[in-house]
Amino acid sequence: MLAGALMLWPSVACGEFESCAFFTGIFLLAMPGIVVLAVRLSARRQVRLHPGSRDPIYYRFTDTELYEESRLGHATLPWGEVYNWQEDKHSFYIFISLGQALIVPKTALAAADIDQLRATMKARVPRRRDNVRLCNVVIACVMLAVLAMICFSLFIGF
């Protein structure tokens, strides 16, 4: 669909109108949304196609390690090898690397187990403050600034 839009772009934007600044600006403003939508759809497709994504995953937590078991296999990971952890109101995210996490929904745990898991991770896993979010924000700001400059230059006719 995007390839078809790009192929039609020159004839629609510049062939019938005196200035293609308006259409270029709209296209540039829509691009971030298109990229976000494509990433989300790709992630959903990967989950749908993965053979074990709909099967239950069993977790067991001790003071020294966590154990994960699914239809595809099992893994034991000492707490010292866990990269990082995060928590929100719905889940625990236990990162085994910078980009890969085990997601443990809180609805699958009793209230006492939630408190015990939180205490174990606070004691055994260092909280790392990665600069990944900051880098993403800086990149997004730079991209928006470049986009604004391009749109501005197109609208004033440079």
Side-chain angles (χ1 to χ4, degrees), residues 1-9 23-153:
M1 183 169 126
L2 183 59
L6 290 175
M7 289 174 62
L8 293 175
W9 181 262
F23 290 105
T24 303
I26 297 235
F27 178 74
L28 291 174
L29 290 173
M31 259 333 265
I34 292 169
V35 169
V36 168
L37 180 63
V39 168
R40 284 184 176 244
L41 291 175
S42 175
R44 287 185 180 182
R45 182 174 181 265
Q46 289 297 323
V47 168
R48 190 176 63 248
L49 294 177
H50 191 271
S53 64
R54 296 182 185 258
D55 296 334
I57 299 173
Y58 302 98
Y59 294 101
R60 185 173 65 238
F61 306 102
T62 66
D63 287 338
T64 59
E65 63 189 15
L66 68 93
Y67 178 79
E68 175 195 28
E69 181 179 352
S70 70
R71 177 177 66 90
L72 300 175
H74 64 278
T76 302
L77 187 66
W79 287 115
E81 293 182 22
V82 172
Y83 179 77
N84 198 0
W85 68 280
Q86 301 264 329
E87 176 183 7
D88 64 15
K89 66 180 184 176
H90 301 290
S91 302
F92 286 103
Y93 303 91
I94 304 170
F95 289 89
I96 56 179
S97 69
L98 182 60
Q100 185 177 7
L102 305 174
I103 302 171
V104 181
K106 290 182 178 179
T107 56
L109 300 170
D113 292 337
I114 291 173
D115 294 335
Q116 182 179 4
L117 178 58
R118 185 181 300 116
T120 301
M121 287 194 294
K122 280 182 180 179
R124 307 271 183 195
V125 179
R127 293 296 294 262
R128 297 176 193 218
R129 295 288 178 200
D130 294 321
N131 291 329
V132 174
R133 255 189 217 159
L134 177 62
C135 289
N136 289 340
V137 169
V138 169
I139 290 170
C141 289
V142 169
M143 288 175 62
L144 285 174
V146 168
L147 178 66
M149 289 187 304
I150 290 170
C151 289
F152 181 72
S153 67

**Q** Can you name the residues that form a side-chain hydrogen bond (donor to acceptor under 3.5 Å, both in side chains) with D113, not counting sequence neighbours?
**A** none
**Q** If only atom types and distance count, is the side chain of S42 paired as donor or acceptor with the main-chain N or O of A38 below 3.5 Å?
**A** no
**Q** Any chance CD of E69 has more than 12 other-residue heavy atoms, nucleotides or ligands included, within less than 6.0 Å?
**A** yes
**Q** Once you round to the nearest 0.5 Å, how far does CZ of R118 lie from CE of M121?
**A** 8.0 Å
**Q** Going by side-chain hydrogen bond (donor to acceptor under 3.5 Å, both in side chains), name the residues that satisfy it together with R45, two or more places apart in sequence or in a different chain.
**A** none
**Q** Mind checking side chain to side chain contact (heavy atoms under 4.5 Å, CB included) for L77 and listing every partner two or more places apart, or none if nothing turns up?
**A** L66, E81, V82, I96
**Q** Test Y67 against Y58 for side-chain contact (heavy atoms from CB on, under 4.5 Å), laying out the working first.
**A** CA-CA 8 Å; Y67 178 79; Y58 302 98; over 6 Å; no
**Q** Closer than 3.5 angstrom, by distance alone: can the side chain of R124 be matched with the main-chain N or O of D63 as a donor-acceptor pair?
**A** yes
**Q** Which pairs count as side-chain hydrogen bond (donor to acceptor under 3.5 Å, both in side chains) when at least one residue sits in residues 30-41, sequence neighbours excluded?
**A** none
**Q** On the 0 to 90° scale, with breaks at 30° and 60°, tag the W85-F92 ring pair as parallel, tilted or perpendicular.
**A** tilted
**Q** Check whether any side-chain heavy atom of F61 sits under 4.5 Å from a side-chain heavy atom of T120, and report yes or no.
**A** no
**Q** Who pairs with H90 by side chain to side chain contact (heavy atoms under 4.5 Å, CB included), at least two apart in sequence or on another chain?
**A** D88
**Q** May I have all residue pairs that pass side-chain hydrogen bond (donor to acceptor under 3.5 Å, both in side chains) and include part of residues 96-108, sequence neighbours excluded?
**A** E87-K106
**Q** Quick one: CD1 on I94 to OH on Y59, what's the gap to the nearest 0.5 Å?
**A** 7.0 Å
**Q** Do the non-hydrogen side-chain atoms of S91 and I103 ever get within less than 4.5 Å of each other?
**A** yes
